[in-house]
Amino acid sequence: MKVPTAVIISGAGSNLQAIIDYWKACDPAYDLKLVISNQAQAKGLVRAVKAGLPVMVIDHKKFATREAFDADLHQSLKDQGIELIALAGFLRLLSDKFVKDWAGKMINIHPSLLPAFPGLKTHQKALKYGVRYSGCSVIFVDEGVDSGAIIEQAVVPVLDGDTEMDLALRVLKEEHRIFPLALDEVAHGRVKLVDGLVVRTPQDDQEGVKKL
Ligand code: GRF
């Protein structure tokens, strides 16, 4: 059975597009059921509609507190039978309760090689430090800022003369490659969160178990 999955966005939705494209082309274990944005103008909503996906706007400004917004978000996801969440450029912090409720079932993409450069302005920080390699990380979301257990990463070189935009585009290309793969691995149950740590079961082992 495929895992009913929602993608939550705030903006351009290029990662959402990568997740949609992989879903249409590669028969993954996740089944896209819903796209939610907290921004009515998010371009990603257009991508979702074009793909024939149900969309929902939950405007955080209409809620008095973060907790009230998160409770509404939680209920909307539950109402649609969602079991797995991909945060793809969702620009809001989530309350501890929401994060606990979805522990091991909510993943995020971050444009750095975590634990380096959590938070905002990652490419600016990477260039300032002079790192020779950067990249992106897919993580299970925990209560901290980009501090969750790491599911997948990809590395790119930082080249002499790179601007933030050069680096961002090189990293984004890798985000689009690894995010759908990581989501598929989690949906398959081949990568799990156990007691705050990532546990991986290689595909071959699972096939071995099936044969037995
Ligand atoms: C990506 O760089 C992602 O890593 C970060 O926000 C950006 C979202 O881009 N969390 P998009 O909306 O998927 O195009």
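Keep in mind that the numbers below use all heavy atoms, side chains included, and drop hydrogens, waters and symmetry copies. On a predicted model such as this, the values are computed, not experimentally measured, just so you know. Order of listing sets the numbers, starting from 1, for every ligand and every atom in it.
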**Message:** If you count heavy atoms of other groups shown closer than 6.0 angstrom to CG of L120, is the number above 12?
**Reply:** no

**Message:** For D162, is there an ion pair with R170 - N to carboxylate O distance below 4.0 angstrom?
**Reply:** yes

**Asked** Is the NZ or CZ atom of K78 both under 6.0 Å from the centre of the six-membered ring of W102 and within 45° of that ring's axis?
**Response** yes

**Within 6.0 angstrom of K125 NZ, more than 12 heavy atoms from elsewhere** = yes

**Prompt:** Mind checking whether Y30 and Y22 have parallel, tilted or perpendicular rings, split at 30° and 60°?
**Reply:** parallel

List below, pair by pair, the N or O atoms of ligand 1 and of the protein that are less than 3.5 Å apart, including the distance to 0.1 Å; reply 'none' if no pair qualifies.
| residue | atom | partner | partner atom | Å |
| --- | --- | --- | --- | --- |
| ligand 1 | 2 (O) | E175 | OE1 | 3.2 |
| ligand 1 | 2 (O) | E175 | OE2 | 3.1 |
| ligand 1 | 4 (O) | E175 | OE1 | 2.7 |
| ligand 1 | 4 (O) | E175 | OE2 | 3.3 |
| ligand 1 | 10 (N) | I109 | O | 3.2 |
| ligand 1 | 12 (O) | G13 | N | 2.8 |
| ligand 1 | 13 (O) | S14 | N | 3.3 |
| ligand 1 | 13 (O) | N15 | N | 2.8 |
| ligand 1 | 13 (O) | N15 | ND2 | 3.0 |
| ligand 1 | 14 (O) | S14 | N | 2.8 |
| ligand 1 | 14 (O) | S14 | OG | 2.5 |

**Request:** Just grab all the side chain to side chain donor-acceptor pair (under 3.5 Å) pairs involving residues 111-123, residues at least two apart or on different chains.
**Result:** H110-S112

